[in-house]
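When reading the values below, keep in mind they use all heavy atoms of this one structure, side chains included, and skip hydrogens, waters and symmetry mates. Every chain is numbered from 1 and lettered A, B, ... according to where its sequence line falls, protein lines coming before strand lines. Since the structure is predicted, the reported quantities are computational estimates derived from the model, not experimental observations.
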Amino acid sequence: MSKISPLSGFPELLPAQRTVERDVIASLSRTFELHGFANIETRVVEPIDRLAKGGEVDKEIYVLQRLQAERHGGGPAPTAELGLHFDLTVPFARYVLEHAGHLEFPFRRFQIQPAWRGERPQEGRYRQFTQADVDIVGRDELPFHHDVEVMSVMVDALGRLPIPRVSFQFNNRKLIQGFYRGLGIDDVTDAIRVIDKLDKLPADEVAAMLVERVGTTPEQAQRCLELATIRVEDTSFVERVRALGVADDLLDEGLAELAEVVEACSAVAGDRVGVEANLRIARGLDYYTGTVVEVFMEGYEHLKSVGGGGRYDALASDGRTTYPGVGVSFGVSRTLIPLIADGVLSGSRPVPSAVLVALNAEEDRAASAAVAQGLRERDIACEVAPTPAKFGKQIRFADRRAIPYVWFVQADGPDEVRHQVKDIRTGEQVDADPATWTPPEADLRPGIVTTIPMPSTHTSTTEENQ
RNA sequence: GUGGGUAUAGCUCAGCUGGUAGAGCGCCGCCUUGUGGUGGCGGAUGUCGCGGGUUCGAGUCCCGUUACUCACCCCA
């Protein structure tokens, strides 16, 4: 009853760790905004029937109901009508339909919110997790160049984060579909599902399954495997696919699209992001119709994808109008929590204060508060020591919190006050004027400490974003 | 949903074949009459996850239960 224990799958961060998450979210937001994407936040609940459309997802949905919900006519327990969203795409689709009259199309937005899923927790998989989505949605039509655009945005955004190198692995559903069709395979979706087992089963077993389960000939199965094992960092996959000798219009279209995506993303990817065409990427969800992508993080491949997305020609539809879209999502929790746990990322301090103003005696609190106020007027976060303890203890108070500076206000004669500020990391203590002294930019705010070598060092920023 | 592991101090863990609970780190105090980090000395802390059983006696053995955790499935 009294002892509290953690709830599996619902991670909570300590203050210093939270600064990491906030900085990452702020960085992502800034990049998305640099590309002209507006932010929205959708409600966290949706009607159950809208969420459960897929059918099988039911058990993953957390339902919401009031404790004192009315029981109509003394009947059985009230039926749940609301559920917590399990991704940001379904709510976004609803949002587009609901507000279509007030939106400008193509509509570009980003969304960074938690989602809930009732699955068994594991490293990188939580019951509550934060996701960052960027999408572009059109009305009736959405030109292909937006595929290129939205993928480039995420490449740019992840390239700016202080995380291990990530790799974008692209494919295209038209390419797969066209290839299979040209090969004479009817059940493309089933074949894709089998091919998807390639990382768990050896190639010959997958081939056997294609023959048995999908009903392909051994030759067809062989071709499928040849296609699926093509993985290159440039557009040379085009010739390699052509060399397999399958002819189909849709295949040609897919090849052209994939080549364009790979080329454009490579152009914006710096050293910190890899871009590849990987022709066995399929993505389970069957609403994808063109570009598909999965993102992996170096050294953390066991987390599976840390991001993914693609093109869907019918994200939403109200019967008269359909809204095609293309988007990618990045798993903020999935990526950050393991990195924080491994010590790859940490916060520089658990408090925002850059300065602790020491307190001489309780009667002098006003004097210390005045110094603090002066610093705050110049946007320097600070706090006054809680008690007039010995200076050693006050310094230790700051040290525990990794507050870099301690400010001393000392009487230096009848009407003289002497102000001094001490950098407790170096021990250096100098006279300072509370009206003008400013710490170096790097000490102003808590930031991310990373063991990842970063080319440019602008990782610390703190912006409100919730 | 399926299978394995674990549950002892704030943290990491030890505790052999049952005999009234320990280490390291951390924390607090003093050495240090106001300027920390190193060093020395001293100190505090546990319903041994919960319930039941066996026993003179259970942290230890048995059963149950809950939670956490890892793997599978699946996904961000």
CG/A:Asp271: more than 12 non-hydrogen atoms of other groups inside 6.0 Å: no
Protein-nucleotide distance ([X], atom [atom1]; [N], atom [atom2]), rounded to Å:
X        : N     : atom1 : atom2 : answer
A:Arg396 : B:U32 : CZ    : C1'   : 12 Å
A:Lys390 : B:U35 : NZ    : C1'   : 11 Å
A:Phe391 : B:G37 : CZ    : P     : 16 Å
A:Leu84  : B:A76 : CG    : P     : 18 Å
A:Leu158 : B:A76 : CG    : P     : 15 Å
A:Arg120 : B:A71 : CZ    : P     : 13 Å
A:Arg400 : B:G37 : CZ    : P     : 10 Å
A:Leu28  : B:A76 : CG    : C1'   : 13 Å

Does any donor-acceptor pair link the side chain of [X] with the base of [N] at a separation under 3.5 Å?
X        : N     : answer
A:Arg125 : B:C73 : yes
A:Gln429 : B:U35 : yes
A:Asp399 : B:G37 : no

So A:Tyr312 and A:Tyr288, would you call those rings parallel, tilted or perpendicular, with 30° and 60° as cut-offs? tilted
Which of parallel (below 30°), tilted (30 to 60°) and perpendicular (above 60°) describes A:Trp116 and A:His85? tilted
Within the 4.5 Å heavy-atom criterion, are [X] and [Y] side-chain neighbours or not?
X        : Y        : value
A:Leu225 : A:Val206 : yes
A:Cys265 : A:Phe168 : no
A:Phe391 : A:Asn360 : yes
A:Lys422 : A:Phe408 : yes

Which value, in whole Å, describes the distance between the [atom1] atoms of nucleotides [N] and [M]?
N     : M     : atom1 : answer
B:G64 : B:U54 : C1'   : 15 Å
B:C25 : B:U60 : P     : 29 Å
B:A14 : B:C72 : P     : 26 Å
B:C27 : B:U12 : C1'   : 16 Å
B:U55 : B:U69 : C1'   : 33 Å
B:C28 : B:U8  : C1'   : 23 Å
B:U33 : B:G24 : P     : 28 Å
B:A67 : B:G34 : C1'   : 49 Å

Closer than 4.0 Å, any side-chain N/O of [X] to the OP1 or OP2 of [N]?
X        : N     : value
A:Gln394 : B:G36 : no
A:Ser8   : B:U69 : yes
A:Lys393 : B:G29 : yes

Taking the side chain of [X] as heavy atoms from C-beta outward, which of [options] is closest to it?
X        : options             : result
A:Lys422 : B:G34, B:G36, B:A76 : B:G36
A:Phe408 : B:U35, B:A76, B:C70 : B:U35
A:Gln122 : B:C68, B:U35, B:A71 : B:A71

Quick one: label [X] by what it contacts on the DNA or RNA (base, sugar-phosphate, nothing), any heavy atom closer than 4.0 Å.
X        : result
A:Asp87  : nothing
A:Ala389 : base
A:Gln410 : base
A:Phe397 : nothing
A:Arg425 : base

Quick check on side-chain contact (heavy atoms from CB on, under 4.5 Å): which of A:Val293, A:Ile281, A:Leu279 does A:Gln169 satisfy it with? A:Ile281
Looking only at atom types and distance, does a side-chain atom of A:Arg43 sit under 3.5 Å from a main-chain N or O of A:Val45, one as donor and one as acceptor? yes
Ring of A:Phe330 versus six-membered ring of B:A76: centres under 5.5 Å and planes under 30°? no
RNA chain B: stems of at least 3 consecutive Watson-Crick or G-U pairs whose donor-acceptor distances fall under 3.5 Å: B:1-7 with B:66-72, B:10-13 with B:22-25, B:27-31 with B:39-43, B:49-53 with B:61-65
Is the A:Phe110-A:Phe32 ring centre distance short of 6.0 angstrom? yes
With sequence neighbours left out, what residues match A:His35 under ring pair (Phe, Tyr, Trp, His ring centres under 6.0 Å)? none
Using a heavy-atom distance cut-off of less than 4.0 Å, which residues of residues 297-307 of chain A contact RNA chain B? A:Lys304, A:Ser305, A:Val306, A:Gly307
Could you go step by step and tell me if A:Arg127 and A:Ser8 meet the side-chain hydrogen bond (donor to acceptor under 3.5 Å, both in side chains) rule? CA-CA 8 Å; A:Arg127 304 233 237 220; A:Ser8 178; 5.3 Å; no
Identify, between A:Gly9 and A:Asp423, the residue whose nearest nucleotide on RNA chain B lies closer to the 5' end. A:Asp423
